[in-house]
S.K.: 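Quick one: the structure is below, questions incoming.
So you know, we letter chains A, B, ... as the sequences are listed, proteins then strands, and number each from 1.
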There are 2 protein chains.
Amino acid sequence: MTAPRRAMLRALSQAGVPLSVQQIHEEANRILNPENGVGEEELDLVTAYRFANLLAEKNLAQRIEFNEGYFRYEIAESSERPHHHHLVCRSCGKIEDFQDCGLTHLTTRLEKESGFKVAEHKLEVFGTCPQCQITSR
Amino acid sequence: MTAPRRAMLRALSQAGVPLSVQQIHEEANRILNPENGVGEEELDLVTAYRFANLLAEKNLAQRIEFNEGYFRYEIAESSERPHHHHLVCRSCGKIEDFQDCGLTHLTTRLEKESGFKVAEHKLEVFGTCPQCQITSR
DNA sequence: TTGAATGCAAAATTTTTGCATGGAA
DNA sequence: TTCCATGCAAAAATTTTGCATTCAA
């Protein structure tokens with residue numbers, strides 16, 4: 001367990017929302033040394049890519065997509081942070097979690113109808129958060 | 001309406017499943033001239049990128065993500081092809097559609113609980129298709 | 001001490017942009 | 001004719017790989 005990895009894990013857990021590799025890189029560098037500016041990072045972007053891939057391979061993190069064209073990473077489900085999905089504000093990017101997606105019913109139905117064995121589902125909900133609804137009026 | 005665009009639209013509609021830009025490019029070239037091999041395409045990959053972006057901007061196509069790290073494109077919902085989601089085989093890549101995702105309930109609940117105005121949801125289901133379940137035994 | 005993780009450089013891949021040409025309407 | 005779409009070249013952005021060095025255990 002090295003300092004860069006500790007910083008990246010901390011970045012992920014304190015963010016509380018899925019982060020892109022770029023964001024992991026930025027946040028982790030801030031944690032390592034808040035004084036540093038851009039270009040004087042101690043943590044290389046390559047290391048962030050490698051670590052993110054590693055986490056995903058080992059199923060320690062999940063890859064999430066918000067229709068941005070790249071992955072975000074989030075610490076895997078656990079008893080502390082159980083199965084959940086995201087409600088994303090298209091305007092300001094705010095992310096809220098929600099649980100009880102109620103998809104077990106659907107899963108059962110699909111398995112019956114299609115013969116597939118369902119392993120997982122990916123659900124993200126997009127809209128406008130309360131603040132942005134006011135602002136945009 | 002040019003030949004390349006006609007071919008790309010036809011590729012999308014005859015595929016019936018969301019295609020990546022690379023796939024749109026390949027399929028459209030096949031349609032334009034089945035004799036051509038790789039490297040002698042008449043349709044440039046750049047054109048496929050531009051057209052895919054155009055379709056998405058104009059809401060004539062939807063961007064779909066299957067956790068592959070890139071977008072797939074699918075002709076937008078219509079009365080002929082109403083709101084649906086995808087059931088994707090992780091083993092062979094087979095894609096089946098399904099309707100009645102039953103998420104209006106969830107949407108209502110989320111709007112009430114979070115104050116968000118929900119605009120859309122992304123749902124994709126992953127698993128193993130019947131054939132692959134047999135093969136992998 | 002030793003293997004794994006890192007940084008740096010470079011390469012590979014993917015996507016976008018600029019610009020002159022060509023073709024549809 | 002006129003403007004938009006295209007191809008080609010090049011650039012930009014993103015992600016991966018190679019390798020020597022460093023560091024945690």
S.K.: Kindly point out which of dT15(D), dC8(C), dC8(D) is positioned nearest to the side chain of Q22(A)?
M.R.: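 It is dT15(D).
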
S.K.: What's the NE2-P distance between H25(A) and dA13(D), to the nearest Å?
M.R.: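 Computing the H25(A):NE2 to dA13(D):P distance gives 16 Å.
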
S.K.: So, does T2(B) get its side chain near the phosphate of dT6(D), meaning an N or O under 4.0 Å from OP1 or OP2?
M.R.: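 It does, given that an N or O in the side chain of T2(B) lies less than 4.0 Å from OP1 or OP2 of dT6(D).
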
S.K.: So do L45(B) and Q22(B) actually touch side chain to side chain, heavy atoms under 4.5 Å?
M.R.: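 They are in contact (side-chain heavy atoms under 4.5 Å apart), so the answer is yes.
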
S.K.: Rounded to whole angstroms, how far apart are CG on N29(B) and P on dT6(D)?
M.R.: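 Going from CG in N29(B) over to P in dT6(D) covers 12 Å.
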
S.K.: If you count every heavy atom of other residues, nucleotides or ligands that lies below 6.0 Å from R10(B) atom CZ, does the total exceed 12?
M.R.: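 Counting neighbours around CZ of R10(B), 12 or fewer heavy atoms of other residues, nucleotides or ligands fall under 6.0 Å, so no.
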
S.K.: Send over the distance from L43(B) CG to dC8(D) C1', rounded to a whole Å.
M.R.: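 These atoms are roughly 13 Å apart.
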
S.K.: Within the pair T47(B) and dT6(D), is there a side-chain N or O less than 4.0 Å away from OP1 or OP2?
M.R.: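 For T47(B), the contact criterion (side-chain N or O under 4.0 Å from OP1 or OP2 of dT6(D)) is not met.
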
S.K.: Heavy-atom count check: over 12 atoms from other residues, nucleotides or ligands less than 6.0 Å from R81(B) CZ?
M.R.: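 Enclosed.
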
S.K.: State, to the nearest 10°, the angle formed by the axis through the first five base pairs of the helix from dT1(C)-dA25(D) to dA25(C)-dT1(D) and the axis through its last five.
M.R.: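 That helix gives 40° between its end axes.
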
S.K.: Could you tell me how far apart Q23(A) (CD) and dT14(D) (P) are, to the nearest whole angstrom?
M.R.: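 Distance, rounded to whole Å: 12 Å.
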
S.K.: If I take atom CD in residue E42(B) and atom P in nucleotide dG23(C), what distance separates them, rounded to the nearest angstrom?
M.R.: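 That distance rounds to 13 Å.
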
S.K.: Between G69(B) and L45(B), who's closer to the 5' end of DNA chain D by nearest nucleotide?
M.R.: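 Result of the comparison: L45(B).
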
S.K.: Could you tell me which non-hydrogen atom of P4(B) sits nearest to which non-hydrogen atom of L43(B), and how far apart they are?
M.R.: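 Smallest heavy-atom distance, with atoms named: CB-CD1, 3.9 Å.
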
S.K.: Under a 4.5 Å side-chain heavy-atom rule over Ile, Leu, Val, Met, Phe, Trp and Tyr, are F66(B) and I24(B) clustered together?
M.R.: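 Yes, F66(B) and I24(B) fall within the same hydrophobic cluster.
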
S.K.: Identify, residue by residue, the members of residues 48-57 of chain B with a heavy atom below 4.0 Å from DNA chain C, and return them in order of residue number, or none.
M.R.: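 Y49(B), R50(B), N53(B) - these, ordered by number, are the residues of the stretch whose heavy atoms sit under 4.0 Å from the strand.
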
S.K.: Within the 4.5 Å heavy-atom criterion, are I75(A) and L9(A) side-chain neighbours or not?
M.R.: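 Side-chain contact under 4.5 Å: yes.
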
S.K.: If you look at every heavy atom in L123(A) and C101(A), which pair is closest and at what distance?
M.R.: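 Between these two residues, the closest heavy atoms are CD2-CB, 4.0 Å.
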
S.K.: Can you see which heavy atom on A28(A) is nearest to which on M8(A), and at what distance?
M.R.: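 Taking A28(A) first and M8(A) second, the nearest heavy atoms are CB-CG, 3.7 Å.
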
S.K.: Nearest-Å distance, CZ (R72(A)) to C1' (dT15(D))?
M.R.: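 About 18 Å, once rounded to whole Å.
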
S.K.: In whole Å, what is the span from the CG atom of D44(B) to the C1' atom of dT14(C)?
M.R.: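 Rounded to the whole Å, the gap is 14 Å.
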
S.K.: With DNA chain C as reference, determine whether M1(B) or Y70(B) sits nearer its 5' end, using the nearest nucleotide of each.
M.R.: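 Here Y70(B) is the residue nearer the 5' end.
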
S.K.: Would you indicate what V46(A) reaches in the nucleic acid, counting non-hydrogen atoms under 4.0 angstrom: base, sugar-phosphate, or nothing?
M.R.: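 Result for V46(A) = base.
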
S.K.: More than 12 heavy atoms of other residues, nucleotides or ligands under 6.0 Å from CD of Q99(A): yes or no?
M.R.: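 For Q99(A), atom CD is crowded (more than 12 foreign heavy atoms under 6.0 Å).
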
S.K.: Identify the two heavy atoms, one from N53(B) and one from R63(B), that lie closest to each other, and give their separation to 0.1 Å.
M.R.: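 Looking at all heavy atoms of both residues, the shortest contact is OD1-NH2, 2.7 Å.
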
S.K.: List in numerical order all residues of residues 4-14 of chain A for which some heavy atom is under 4.0 Å away from an atom belonging to DNA chain C.
M.R.: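 Hits under 4.0 Å, by residue number: P4(A), R5(A).
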
S.K.: Of all the heavy-atom pairs spanning H121(A) and L103(A), show the shortest one and how long it is.
M.R.: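 Minimum heavy-atom contact is CD2-CD1, 3.5 Å.
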
S.K.: Would you sort out whether D97(A) and H86(A) count as a side chain to side chain donor-acceptor pair (under 3.5 Å), showing the intermediate values?
M.R.: CA-CA 5 Å; D97(A) 290 358; H86(A) 306 277; 3.3 Å; yes

